[in-house]
Structures are given as C-alpha cells and as structure tokens.
Amino acid sequence: MERLRTAGDKVHRGLFNLTSLLSSEYHGKFLRACFEHKHRRPDPWKHEVAPYETAKYTTTLARIPPRPYRRIADIGCSEGTFTRRVADAYPTAEVVGVDISQRALERASRRASAQGLDNVTFTALNIFEDSPDGLFDLVFCSELLYYLGGQERLRTACSRIAALLAPQGLLVAVHPWPESRRLHRPFDSAQRLTQHSEHIETATHRPYAVTVYEHGDLP
Ligand SMILES: C[S@@+](CC[C@H](N)C(=O)[O-])C[C@H]1O[C@@H](n2cnc3c(N)ncnc32)[C@H](O)[C@@H]1O
C-alpha cells in the first residue's frame with residue numbers, strides 16, 4: 001500500500017513538473033483548468049470530513065506561536081476548510097484565503113457566511129501572476145507546492161509567497177515528509193527567512209512536516 005502511494009505521488013509530481021515546462025501563459029491556463037475540473041464536485045480532497053486532515057489542521061495551529069496577528073493569508077486554500085479554522089482561531093485578525101479555482105472559492109465563501117465568520121474573505125488568483133493586497137504577519141502554504149512544477153517554478157512561487165510577509169511575519173509550510181525537504185528548500189535558502197521551528201508528524205499513514213519560517217527584517 002505504502003509503495004503504491006509513493007509510486008502514485010511520483011507520477012503525480014512528474015505530470016505537474018512536465019506541465020510547468022509550458023510557457024507562463026499556458027501553465028496558468030493549465031493550472032486553472034485543472035483545478036476548476038478538480039472542484040467540479042465539492043470537497044475533492046475530503047478536507048471537511050477526513051480525520052487525517054482535521055488532525056493535520058489541529059497540529060498546524062498548535063505550532064503557531066501566540067502573537068497578535070492582524071492579517072493572515074492562506075495560499076491555495078481550496079474550499080477554505082482550514083481558512084475557516086484560522087478565522088475562528090483568530091477572530092480579531094483579517095483573514096484572506098487565496099486559490100486559483102473560482103468554483104472552490106464560491107463554496108468557501110458560502111460556508112464562511114453560513115458559519116457566521118465575518119473576518120474572512122476569499123480572492124481568486126494564480127499565485128504566479130498575482131498577489132493578494134498588502135502584507136501579512138502570518139501566511140499559510142499547505143499542500144500546494146507539489147502542484148507548482150519543477151525547481152525553477154517552485155523557486156518563483158516560493159519567492160512570491162515569501163514576499164507577502166510583513167517584517168517579522170511568520171510563514172507556515174505544510175507538506176508531506178520527507179518530500180517537504182525538497183519542497184521547502186527555496187524557503188530554507190531565502191535570504192530574509194530563518195527557520196523558526198519544524199514539527200515532523202510521523203504517527204500517521206502519511207507523515208508531514210509543519211515548518212515555520214520567520215521574516216528577519218525589523219518592522
Ligand atoms: C490540495 S489543495 C490544499 C488546500 C489547503 N491548503 C489545505 O491544506 O487543506 C491545493 C489547492 O491549491 C490551489 N492551487 C493550485 N495552484 C495554484 C496557484 N498557482 N495559485 C493559487 N492556488 C493554486 C488548488 O486550486 C487547490 O485548491
């Protein structure tokens with residue numbers, strides 16, 4: 001089973017790496033079409049119901065140092081399952097969820113309204129082309145980077161995500177371990193980021209890393 005999953009992940013990464021060889025314009029078109037299709041039915045990754053995802057969200061939130069966060073971004077938020085948990089955990093913060101899929105964000109907004117959350121908004125954009133307005137003192141990037149392509153595209157995406165951080169802001173990257181070592185490398189080597197903490201969760205069928213980086217500049 002484990003071998004089958006690893007082989008599946010390799011094919012998946014290979015396909016996304018190949019498509020990242022397209023020009024920026026066509027790569028953007030591919031990602032948009034791919035994730036609109038993926039969201040043709042609600043909750044394609046079972047974020048709302050899978051105990052694995054719920055536990056991962058709890059572990060991630062537990063790794064965040066207590067600070068007075070004012071602006072928080074969740075990049076690649078899909079239907080906002082985690083984003084809504086963040087908005088609930090930080091009720092005085094302004095929370096922005098970002099995703100390339102308009103369809104996903106329509107569901108995210110509906111669920112946030114149904115839950116009565118008034119501190120969260122959702123913005124449709126491709127992180128390679130556009131960015132949410134302003135800077136953030138907490139940025140999440142979870143289960144996103146393996147879709148973004150080979151090393152060069154990955155470096156570009158990571159540098160665009162890191163650029164969203166306000167001075168002394170925190171960036172939280174959550175990806176399968178040990179693949180996280182490759183995926184988080186651009187953050188590891190970014191000049192203005194230092195690693196604040198890392199938690200490797202191995203007591204699960206799909207181990208993952210929660211890596212927290214801090215932006216080094218003074219406010
Ligand atoms: C597996 S989901 C992760 C959802 C959430 N972060 C979590 O961990 O529960 C990955 C999301 O990334 C989004 N995505 C992929 N490429 C993107 C891009 N270039 N810009 C913005 N979002 C993107 C997809 O639409 C998808 O909803």
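When a ligand or atom number is given, it counts from 1 through the structure's own listing order. For reference, positions follow the sequence shown, starting with 1.
Among protein heavy atoms, atom 12 (O) of ligand 1 sits closest to Leu144 CD1, 3.4 Å. Atom 10 (C) of ligand 1 has its closest protein heavy atom at Glu143 O, 3.4 Å. Among all protein heavy atoms, the one lying closest to atom 8 (O) of ligand 1 is Ser142 OG, 2.8 Å. Taking atom 5 (C) of ligand 1 as the reference point, the nearest protein heavy-atom neighbour is Gly76 O, 3.3 Å. Considering only non-hydrogen protein atoms, atom 16 (N) of ligand 1 sits nearest to Leu148 CD2, 3.7 Å. Nearest to atom 22 (N) of ligand 1 among the protein's heavy atoms is Ile100 N, 3.2 Å. Here the protein heavy atom with the shortest distance to atom 20 (N) of ligand 1 is Ile127 N, 3.0 Å. Shortest contact from atom 2 (S) of ligand 1 to any protein heavy atom: Trp45 CZ3, 3.7 Å.
Any N or O atom pair closer than 3.5 Å counts here, and Asp99 shares at least one such pair with ligand 1. Taking only nitrogen or oxygen atoms, main chain and side chain alike, Cys77 does not reach within less than 3.5 Å of ligand 1.
Classification of Asp137 and Arg71 as a salt-bridged pair fails, no side-chain N sitting under 4.0 Å from a carboxylate O. Between Arg63 and Glu198 there is no salt bridge, since no side-chain N of the basic residue sits under 4.0 Å from a carboxylate O of the acidic one.
Looking at heavy atoms from C-beta onward, His27 lies in side-chain contact with Phe128 at the 4.5 angstrom threshold. A heavy-atom distance below 4.5 Å is not found between the side chains of Phe140 and Thr83. Residues Leu165 and Phe136 have side chains not in contact (no heavy-atom distance under 4.5 Å, counting atoms from C-beta outward). Side-chain contact check for Arg185 versus Cys158: every heavy-atom pair is 4.5 Å or farther apart.
Using a 4.0 Å heavy-atom cutoff, Thr83 is absent from the residues neighbouring ligand 1. Contact annotation: Leu31 has at least one heavy atom less than 4.0 Å from an atom of ligand 1. Residue-ligand proximity: His39 is placed with a non-hydrogen atom under 4.0 Å from ligand 1. Residue-ligand proximity: Asn126 is placed with a non-hydrogen atom under 4.0 Å from ligand 1.
Screening residues 126-136 for salt bridge (Lys or Arg N to Asp or Glu O under 4.0 Å) gives Arg32-Glu129 as the qualifying pairs, with residues at least two apart or on separate chains.
Note that Arg85 lies outside the cation-pi zone of Tyr57, set by a 6.0 Å cut-off to the ring centre and a 45° limit from the axis. Judged by the 6.0 Å and 45° rule, Lys38 forms no cation-pi pair with Phe35.
Counting heavy atoms only, Tyr57 comes closest to atom 9 (O) of ligand 1 of the residues Phe35, Phe128, Tyr57.
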